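Remarks on the structure that follows.
None of these values were measured; they are calculated from a predicted model. Position 1 is the first residue of the sequence; numbering continues from there. All ligand and atom numbering here is 1-based and tracks the order in the structure.
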Amino acid sequence: MGIKTVYEDCDVLVVGGGMGGTGAAYEARYWGRDLKIVVAEKANIDRSGAVAQGLYAINCYMGTQWDENNPEDHVRYARNDLMGLVREDLAFDMARHVDSAVHKFEEWGLPFMHDPDTGHYQREGKWQIMIHGESYKPIVANAARNSADKIYNRIMVTHLLMDENKPNRVGGAVGFNVRTGDFHVFRAKAVIVSAGGASHIFKPRSVGEGMGRTWYAPWSSGSAYALSIQAGAKMTQMENRIVLARFKDGYGPVGAYFLHLKTYTQNGYGEEYESKWYDDTKAMVGEYIDHHPTPTCLRNHAMVSEVKAGRGPIHMVTKEAFQDPHLEQVGWENFLGMTVSQAVVWASQDIDPKYINPELTTSEPYVMGSHATCSGAWCSGPEDLSPDEYQWGYNRMMTVDGLFGAGDAIGGTAHAFSSGSFTEGRIAAKAAVKYIKDLRNEAPSISDKQTEDLKKTVYQPLENYQVGRNEIVGGTVSPSYLLPIQGLQRLEKVMDEYVGGISVNYMTNDKLLERGIDLLNIMEEDFEHLGAEDLHQLQRAWELKHRLLTSQSVAQHTLFREETRWPGYYYRGDHMKLDDDNWHCLTLSRRDPESGEWAMEKAPVYHLVD
Ligand SMILES: Cc1cc2nc3c(=O)[nH]c(=O)nc-3n(C[C@H](O)[C@H](O)[C@H](O)COP(=O)(O)OP(=O)(O)OC[C@H]3O[C@@H](n4cnc5c(N)ncnc54)[C@H](O)[C@@H]3O)c2cc1C
């Protein structure tokens, strides 16, 4: 094959330079002054990942210096929102370190809003602090750039490498440059995967030319999950997909509206509706409906149920708050710093929230481990806190030796958000450096055969296209290959209809899931025939393959958990109630890299905080 191969030997390889990855690069340098630290990023770290466009609030800050919250409070909050099921050791570990990360952001030039009376950071809610955050990502990227030996932008990482001397030990990663087409081989002693969550695995509400407009970043292709699954890492809580209630069509955030502007919701007839669903919800989930704050999924449940009952659309009542010029300004700025497109949608639809209450809707499901849900890899916890079942090695190390994770990649750690993901990157990097030093720098053994075989696999879609295009007489449909967009639409349709997407009001059951899994397996065979006409399409092909593996994991987990734990995120029609007797536990899966078989098990939930 006439494609150039570029080799890079390093100590720590960071895959994905988003919030977790930049934190990892920064911290790896602190502990590993003499180590070689490399970042491989699909886009450009200056504007990559979920924070690319900026944020208006840092959603996780304890404020311990001002006695605002303690880490224990945050564990209670995350546990409550996830209906009891989080990894409390990981949550506590993140929470005890997150404030110091936030202080670094301010030191590096991120502008914070301050309360004029107290001088503290301006709170939006109990956990959120407000920032002028358009440049949040370039600021943390700068810290990573100053720390890493080398940042490779535009590298789509497709596979992890495995050590051939030591079973179950990672040895680096491979990928290709989406601009030059070069094949990149990174041989590394430790790998930190921080490649974000997954959008576009379920059919989105947006269609046609608008399909790129989703709540979660459309470029988040589930790589963090797929890379880890391919390597044989155990995953946890992959059924815990997230559905967001957001402003319609632009997916503009509602946090500042609810918390700061004190706006509230109504049904299409101007009525309060949440309380109407109290009895119904109580019958499903018991006392969880009485918890404060009401878990996010249960608020979704009321909204979904009200719309299903024929009393939509749901409106956000903005007309009152927007009469105050200061709040009006905050309302608009909130979008300009984070989701400009929502302001554009309103302008294009003649919606001035001062006079018209805008619509809210629930999104298609996404998979992530750092926002309000906690899907991701099963990892070892901190030595001083974690019970035996949660501790087998180094902090944030997966069940594969030398493979660490941060942010969306790691499961069980909801409500970390941007600051918590950066903090997890720091925690993972510190542990990865220790791992390397304890191994006395022993490098993994990677044969040319391993990398050459992967090279052939990576570029196969280009080959499929080259050969197959001769059979096309017109249009884009070929008898011998599938285009990535065609595969994506097929994947989204199956996930939507069988695994609980928008068109079925998030409903599924064992029969649907079993059939869905069969269809996903057939798709896996068919995706061997993806055709890519250029490097951009090659990237799309690999993103699709990563999305498929993520979807298979979601479907397996959803089938395994025989209850409806999070109504409003999804429903198991054959088990419509929450079942604490049998399912107050975490779910684990492992896909055998050789056979492709999935094995499922339960893991205990330890409540380490009262
Ligand atoms: C719409 C939205 C709004 C949010 N609002 C807030 C908020 O207001 N406040 C807050 O604190 N948090 C917010 N968050 C949460 C925050 O953005 C995430 O928690 C955080 O970005 C997760 O960090 P991460 O490193 O896991 O992923 P990301 O920051 O998304 O980084 C993943 C990185 O991996 C790269 N990558 C992906 N695949 C590959 C591959 N195959 N090879 C190489 N690189 C790859 C990506 O390009 C990206 O740079 C929001 C998230 C979303 C989606």
statement: Looking at K42, R47, E41, the heavy atom closest to atom 35 (C) of ligand 1 belongs to E41

query: Polar-atom distance check: S418 versus ligand 1, any N or O pair below 3.5 Å?
result: yes

message: With heavy-atom distances below 4.5 Å as the criterion, would you say the side chains of P358 and W346 are in contact?
response: yes

field: Pair H184 + F176: ring centers closer than 6.0 Å
entry: no

field: Quiz item: cation-pi between R213 and Y251, 6.0 Å / 45°
entry: no

message: Using a 3.5 Å cut-off on N or O atoms only, is G21 in polar contact with ligand 1?
response: no

Under 3.5 Å: N/O of W219 near N/O of ligand 1: no

task: For the pair H200 (side chain) and M211 (backbone), establish whether a donor and an acceptor sit closer than 3.5 Å, ignoring hydrogens and angles.
output: yes

task: Between S223, G369, G197, A52, flag the one that comes closest to atom 38 (N) of ligand 1 by a heavy atom.
output: S223

query: W332 vs F335 aromatic rings, parallel, tilted or perpendicular, using cut-offs 30° and 60°?
result: perpendicular

Distance filter under 4.0 Å to I58 heavy atoms, resulting ligand 1 atoms: 11 (O)

query: If we only count heavy atoms from C-beta on, is the I446 to V185 side-chain gap below 4.5 Å?
result: no

task: May I ask you to identify the nearest protein heavy atom to atom 53 (C) of ligand 1, giving residue, atom name and distance to one decimal place in Å?
output: Y216 CD1, 2.7 Å

- prompt: Could R87 and W378 be counted as a cation-pi pair, given that NZ or CZ must be under 6.0 Å from the ring centre and within 45° of the axis?
  reply: yes

query: Between M156 and ligand 1, does any nitrogen or oxygen pair lie at a separation below 3.5 Å?
result: no

- request: Give the ring-plane orientation class for Y366 versus W215, where under 30° counts as parallel, over 60° as perpendicular and anything between as tilted.
  value: tilted

- request: Mind checking whether T339 contacts ligand 1 via backbone (N, CA, C, O), side chain (CB onward), both or neither, at a 4.0 Å heavy-atom cut-off?
  value: neither

Mode of H371 contact toward ligand 1 - side chain, backbone, both, neither (heavy atoms, under 4.0 Å): side chain

message: Considering both backbone and side-chain atoms of Y56, is one of its nitrogen or oxygen atoms within less than 3.5 Å of a nitrogen or oxygen in ligand 1?
response: no

message: Taking the six-membered ring for Trp, are W542 and Y459 closer than 6.0 Å centroid to centroid?
response: no

statement: ligand 1 atoms nearer than 4.0 angstrom to some heavy atom of N59 are 6 (C), 7 (C), 8 (O), 9 (N), 10 (C), 11 (O)

Nitrogen or oxygen of K137 less than 3.5 angstrom from that of ligand 1: no

query: Counting each atom of ligand 1 from 1 as listed, which ones have a heavy atom of G49 under 4.0 Å away?
result: 28 (P), 30 (O), 31 (O), 48 (C), 49 (O)

- request: Step by step, work out the salt bridge (Lys or Arg N to Asp or Glu O under 4.0 Å) result for R547 and E492.
  value: CA-CA 10 Å; R547 285 188 162 106; E492 289 177 345; over 6 Å; no

- line: A student checking ligand 1 against L55 at a 4.0 Å heavy-atom cut-off should list atoms 4 (C), 5 (N), 6 (C), 7 (C), 8 (O), 9 (N), 10 (C), 11 (O), 12 (N), 13 (C)

- prompt: Where the closest heavy atom to atom 19 (O) of ligand 1 is concerned, which of G196, A256, S370 has it?
  reply: S370

- prompt: Which one of W542, W215, F417 has a non-hydrogen atom at the shortest distance from atom 52 (C) of ligand 1?
  reply: W215

message: Using the ring centroid of each side chain, check whether W108 and H103 are separated by less than 6.0 Å.
response: no

message: Side chain, backbone, both or neither: which applies to S421 and ligand 1 if a contact is any heavy-atom pair less than 4.0 Å apart?
response: side chain

field: Of the listed options C60, A50, P253, closest to atom 30 (O) of ligand 1 (non-hydrogen atoms)
entry: A50

A224, portion touching ligand 1 at heavy-atom distance under 4.0 Å: neither

message: Distance under 4.0 Å to a non-hydrogen atom of I155: what atoms of ligand 1 satisfy this?
response: 42 (N), 43 (C)

- request: Show which atoms of ligand 1 fall inside a sub-4.0 Å distance from at least one heavy-atom site of D408.
  value: 22 (C), 26 (O), 27 (O)

- prompt: Are any of the N/O atoms in L227 less than 3.5 Å from those in ligand 1?
  reply: no

message: With a heavy-atom distance limit of 4.0 Å, tell me whether V157 approaches ligand 1 through its side chain, its backbone, both, or neither.
response: both

task: Please round to the nearest 0.5 Å and tell me the distance separating atom CG of L55 and atom OG1 of T339.
output: 8.5 Å

- request: May I ask you to list the atoms of ligand 1 that are less than 4.0 angstrom from any heavy atom of V51?
  value: 17 (O), 21 (O)

Side-chain ion pair, E68 and K126, N-O less than 4.0 Å: no

Atoms of ligand 1, numbered as shown, that sit under 4.0 Å from any heavy atom of G407: 26 (O)

query: ligand 1 and A409, any nitrogen or oxygen pair closer than 3.5 angstrom?
result: no

Check: Y61 ring centre within less than 6.0 Å of W127 ring centre: no

- prompt: Is R299 close enough and on-axis enough to F258, meaning under 6.0 Å and within 45°, for cation-pi?
  reply: yes

